[in-house]
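This report concerns only the one structure given below.
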Amino acid sequence: MSALISVDGLVKEFRKVKPHEGRLGSLRTLFTRRYEVNRAVDGVSFAIDEGELVGYLGPNGAGKSTTIKMMTGIVMPTGGTVRISGLDPWRERPCNAAQMGVVFGQRTQLWWDLPLRESFRLVGAIYGVSPADYRESLERFVDLLDLGEFIDRPVRQLSLGQRMRGDIAAAMLHRPRVVYLDEPTIGLDVVAKDRMRTFVEETSRAGETTIVLTTHDLADVERLCPRVILIDHGRVLYDGDVQGLKATYATHRELVVHLAPDESTGRTPAVRAADVLGAEIVSQEQGVARIRFEASRIAVQHLIASVNQNYPVRDLSIVEPDLEGVVRRIYSEGLTP
Amino acid sequence: MTASAPGLRRIVVARMKTAMTYRQNVLLLQVIVILNIFILSRLWTTLFEGRDTVAGMTLHTFLLYITVVNLQSWVFTDLTVNEYTYQRVRTGEVVFDLMRPIGFVPQMLAHMAGSHLFMVLSVVVALPVVLVVGTLGAPASPAALALYAPSLVFGYVISVLLAVLTSMVAFWTVETSGFTMLYRLINQFFAGTMLPVSLFPEPLRILAGLLPFQSTGYIPATIYVGRTEGDAALRALAVQGLWILILALATTAVWHRARRRVAVQGG
Amino acid sequence: MNRPFKESLSLYWTLQKAALRAETGYRFNFVLLVVMGIVYQGSGIAFVWVILSQFDSIGSWTFSDVAFLYSLRLLAHAVWIVPFNQVYALDELVREGRFDVYLLRPLNPLLQVITGRVRMNILGDVITAVTMFGFAVTAADVDWTPAKALYLVLAVLGGAAAEGAVVLLVSALSFRFLHTWSAHFLVDNVFLLFGSYPLHIFGTATTWILTWTVPVAFVAYVPASVLLGRTGDLSVSPVLAWAAPAIGFLWMYAAYRIWVRQMRHYQSTGT
């Protein structure tokens, strides 16, 4: 069975004017131009099956949004292929557009000056949704996303959370096969974020929609995505589940030790390097020592035993690698598989 | 709020740099000047058929007038300040401008100076083409040149003041682009870029006399070609000086009201 | 997915009405709009009136001839600009990233561009154009026949298409360049300045350029010449002159295809 979304060796190059340096640089730029080519996407390949919920991660400038733009038919690829349900998003743009829905966290698709309900009506007309389907879809979304209280207000008067809910409903009104969510929780408060995540979860569980989620919010990913694709410098660094990502990249764990103060002096002792079996003491303040160790090299029980033996330990805990930390390291250290 | 010279100079330079990177803009604006001169020259040559002089000028002098007045108009054209003011007001950032050590008005002026300097450069570069489509020539006499220099400067100051004044419309309304286009049209017409003011029918000529626009184009240009000379020229210079005074006062007054309006509305 | 034309047309009206509803939410001063339209559109004719009050003719065209030409051009311009004025703002749409949204929908992006907004100040231009043409047509030296009346209608449409084609081509630059206002300004100037006068006064070279490289002549000069019976002045044969509207339509078709093809240069680098 072939995948619903297949991306193969996708490349996108941008040409930018490179201004000349120096004092007369501006003047020279007036007469001659130098261009530099930027390979925003440099051979990206992956396949997504129907019904999957995939997280697409990457730092700014990684080529993340460019890939999505090629998948949604906004930008024409320089090389490679992308097929959504067999369709080429660029060459067969209208057909592909009819089967997808897109939500931008930072931009709206709604009609700014008109009531939200109007936007839905227009979207229904544009996507050719039958009146019966439209009624049913609208009812469902009003219910699921709690749109009733503001559906008759102009979009420009809505709060960010309300507008986002409106955008999601508008994007999914025509029951698209594929939904692209671009930063859907950005700027939302805790409650709204949770509601958004629940919605995405339930939509995916219903099994009718394939969801591609781009986000910087790793809490989104940890909760929602069975699979993540990590991209940086235009290339796929990792494609698999979150656990695997942590296992591959999160080689370190952290032991947090709370030390008891000495009864007479009131001061807590400092943990010495010699006592931690070669682990790294990340910080020590106010009686709390954080010790970072490579799980494969140092057995945690030996470390705990050593610390316990040499110091008055009041409390111990082990901090598992979190996705945030893992990804931050990958971004900053530029690790490659 | 006092203006600081190095800060202003930086703005001027930055504005010139911005102008230069928009290479397409430069080229197109040059083309428009050239087109204007071409069309008007051809039109008037046709109209001159069978006549020796029109408005007291021979064909050659007349065409020289047309060329000079249009070159002036283009150097004086301000394309940036309106947009700049409009954007600052619209986004509310003008509040910061009002707080900055360099005053808002001097900043606007610096922006204009930068773009005008650049206009001069682009006109100079385009001169060879202007030579072909229009008519270039020396001032009518050394006296003409001596009177032209101050007249040109006065005309420039007047057009700058007018630009600042009209850009402040942005403090009162959102729809400035229609107003800007209209203003530019009226400005060009009454400055005498299409035909000398002396050729206007009586009612329009009187109206033109009451407006400052002819001081930015018609007056300096007719001094240059020698059409306005001697006492008439001196009187014209005086009128220009008067307009500078009037407009400076008006600008200050409007500026104060604009400041108060921003303070009341919060930008 | 190929939409039937009827469906696209109905969508056009639906979206246009929505844009109108959005716009009427804002206050606008109707009288001011009309006045501005009159001043702006009428200023050119004022110039011609001023000149011709002192001179007999421009290149053997009398004032009523030139007024007819001028207002014919204004009318063609109005017919183009009312539905398509948003095309000028494409560079702004691109810069603000709003064009992305249009590409995401299963609907012709150009159709979405033109229904994106309604500009009420166009109303002033239209009223001026229609009024002025009304006067000019009654004063003009034309002996009207049914054929000429039909030709007039086609000429206005063809003239709108000719000018619109060039505007569309300039607008396509927005896919590559972030600011196209100066190019639009230039084109607008060219059509306004050259399009309003009997072209032959500019010399044969210029006339040729404005006939065959940029179709300025076909907007109003050629049709006006035909209707005024002045085909002798023309550089094109009378047969071709009668076919002027067709040339306008051809230009529009070519411009549209080029516009669509230029979309591949869209980089979506707006915010």
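In what follows, chains are A, B, ... by sequence order, proteins preceding strands, each numbered from 1. Side chains included, hydrogens not; waters and symmetry mates left out as well; all remaining heavy atoms used. Here the structure is a predicted model, which means the values were calculated and not measured.
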(request) Below 4.5 Å from any heavy atom of chain C, which atoms of A:Glu118 appear? Answer side chain, backbone, both or neither. (result) side chain
(message) Using the rule side chain to side chain contact (heavy atoms under 4.5 Å, CB included), only one of A:Ile74, A:Val75, A:Thr72 pairs with C:Asp100; which is it?
(response) A:Ile74
(request) Measure distances from C:Phe99 to the heavy atoms of chain A and classify the residue's part below 4.5 Å as side chain, backbone, both or neither. (result) neither
(request) Go through A:Thr66, A:Leu122, A:Leu87 and name the one with the most non-hydrogen pairs under 4.5 angstrom from chain C. (result) A:Leu122
(request) Examine whether an atom of A:Leu114 lies under 4.5 Å from a heavy atom of chain C, and if so say whether it belongs to the side chain, the backbone or both; otherwise answer neither. (result) side chain
Please tabulate, for side-chain N and O atoms in residues 94-101 of chain A, each donor-acceptor pair with protein atoms closer than 3.5 Å (sequence neighbours left out).
unit_1	atom_1	unit_2	atom_2	d
A:Asn96	OD1	A:Gln99	NE2	3.2
A:Gln99	NE2	A:Ile84	O	3.3

(message) Need one label for A:Thr108: side chain, backbone, both or neither, based on atoms under 4.5 Å from any heavy atom in chain C.
(response) backbone
(message) Less than 4.5 Å to any heavy atom of chain A: does that hold for the side chain of C:Leu104, its backbone, both, or neither?
(response) both
(message) Can a side-chain donor-acceptor contact be found between A:Lys69 and C:Ser268 if the only test is distance below 3.5 angstrom?
(response) yes
(message) Do the side chains of C:Glu96 and A:Arg107 get close enough for a salt bridge, i.e. N-O under 4.0 angstrom?
(response) no
(request) Verify whether the ring centers belonging to A:Tyr180 and A:Tyr56 lie closer than 6.0 Å. (result) no
(message) Just checking C:Trp212 against C:Phe218, ring centres under 6.0 Å apart?
(response) yes
(message) Heavy-atom pairs under 4.5 Å with chain C - which of A:Met76, A:Gln109, A:Arg121, A:Arg93 has more of them than the others?
(response) A:Arg93
